[in-house]
Amino acid sequence: FRRVLFRSANVAFYLVVVTLGILSMGFQLLGSRLLGPHFGSGIDVWAWLISTFLAAFSTGSMVGGWISHMPDDRRARGQLVVAVLAVATLAFTAYCGKATLNQFETAPAGLFLSCMSLFFVPVTALSCFGPQCVSYLAQRGMPPGKASGVAYGVSTIGNIGGVMLTAFVLIPNFRVSTLLQVWLVVGAIGLTFLLRMLRSSHAA
């Protein structure tokens, strides 16, 4: 029975990791559609958008690695702060994104400011959980190197799914504003489950 529970927990964990992977890369495509009416869809838009996401992935990975090595009580607080920040900034993009773009549309460096204000922080916050997912698998007995490969491999599968699902199914059939709200809800639910798993792992 304990083995069944262990495997069920692993399946649930991987589902959450895939879901967050879908959100991360799908968010980039939604970002391009959100920026489009204000800045177009040229190479400069994609260059800034991709660079913003890569910078966020890098920053989030480093911050997440730092949090994963904190003492238990501080780590739990850090995880909660990052999760709340992710949800709050996803909400800001969903509900204030267009108003923000209206303000920055004619500003100097408006494209840069738009990418940083709407995408950098939520993607950074989501990326903070990558190293902590590696730590979760390692604490459940998986060798660290394998844990890193599995966690980031599963997340990348989610990234691919996010690109394909968003590009070919969601964007053609739903408004971007609606999809951003869906991203917010799914992100909040996914992070809630992930926080519970991470804490149960450290408590075990």
Report the distance from atom [atom1] of [X] to atom [atom2] of [Y], rounding to the nearest 0.5 Å.
X	Y	atom1	atom2	answer
Leu29	Leu170	CG	CG	10.0 Å
Ile160	Ile22	CD1	CD1	11.0 Å
His38	Gln103	NE2	CD	11.0 Å
Leu126	Leu90	CG	CG	5.5 Å
Leu34	Ser177	CG	OG	9.5 Å
Leu49	Gln28	CG	CD	5.0 Å

Tell me whether [X] contacts the main-chain N or O of [Y] through its side chain, where contact means a donor paired with an acceptor under 3.5 Å.
X	Y	answer
Gln132	Cys128	yes
Ser148	Pro144	no
Ser58	Leu54	no
Thr59	Ala56	no
Ser155	Ala151	no
Ser135	Pro131	no
Ser200	Met197	yes
Trp183	Leu23	yes
Arg75	Ile67	no
Thr178	Phe174	no

Is there a continuous path of hydrophobic side-chain contacts, each under 4.5 Å between heavy atoms, that joins [X] to [Y]?
X	Y	value
Val185	Val123	yes
Leu194	Val84	yes
Val18	Val134	no
Leu30	Val182	yes
Phe53	Ile157	no

### Task
Go through the steps to decide whether Tyr136 and Met142 satisfy the test side-chain contact (heavy atoms from CB on, under 4.5 Å), and finish with yes or no.
CA-CA 9 Å; Tyr136 172 90; Met142 188 176 290; over 6 Å; no
### Intermediate values then yes/no, side-chain contact (heavy atoms from CB on, under 4.5 Å), Thr156 and Asn159
CA-CA 5 Å; Thr156 302; Asn159 294 156; 4.2 Å; yes
### Task
Check the pair Ser114 / Phe39 against side-chain contact (heavy atoms from CB on, under 4.5 Å), numbers first and verdict last.
CA-CA 10 Å; Ser114 297; Phe39 298 102; 3.5 Å; yes
Heavy atoms, side chains only, cut-off 4.5 Å: are [X] and [Y] in contact?
X	Y	value
Phe120	Thr89	no
Phe13	Phe193	no
Leu184	Leu180	no
Phe57	Thr124	no
Val45	Ser32	no
Leu191	Val82	no
Met25	Thr166	no
Arg33	Leu179	no

Above 12 or not: heavy atoms from other molecules or residues under 6.0 Å from [atom1] of [X]?
X	atom1	result
Glu105	CD	yes
Met70	CE	yes
Trp46	CH2	yes

Provide the closest heavy-atom pair for [X] versus [Y] in the form atom of the first, atom of the second, distance.
X	Y	result
Ser61	Tyr152	OG-OH, 4.3 Å
Cys115	Leu35	SG-CD1, 4.0 Å
Gln79	Phe129	O-CZ, 3.6 Å
Gly31	Phe119	CA-CZ, 3.5 Å
Ala86	Pro122	O-CB, 4.4 Å
Met116	Thr52	SD-CG2, 4.3 Å

### Task
Just jot down the side chain to side chain contact (heavy atoms under 4.5 Å, CB included) partners of Phe92, sequence neighbours excluded, or say none.
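Phe92 satisfies side chain to side chain contact (heavy atoms under 4.5 Å, CB included) with Cys96, Thr100, Leu118 once adjacent residues are dropped.
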### Task
Before giving the answer on side-chain contact (heavy atoms from CB on, under 4.5 Å), spell out for Arg199 and Leu80 the whole-Å C-alpha distance, their side-chain angles and the decisive distance to 0.1 Å.
CA-CA 10 Å; Arg199 292 184 180 183; Leu80 179 60; 3.6 Å; yes
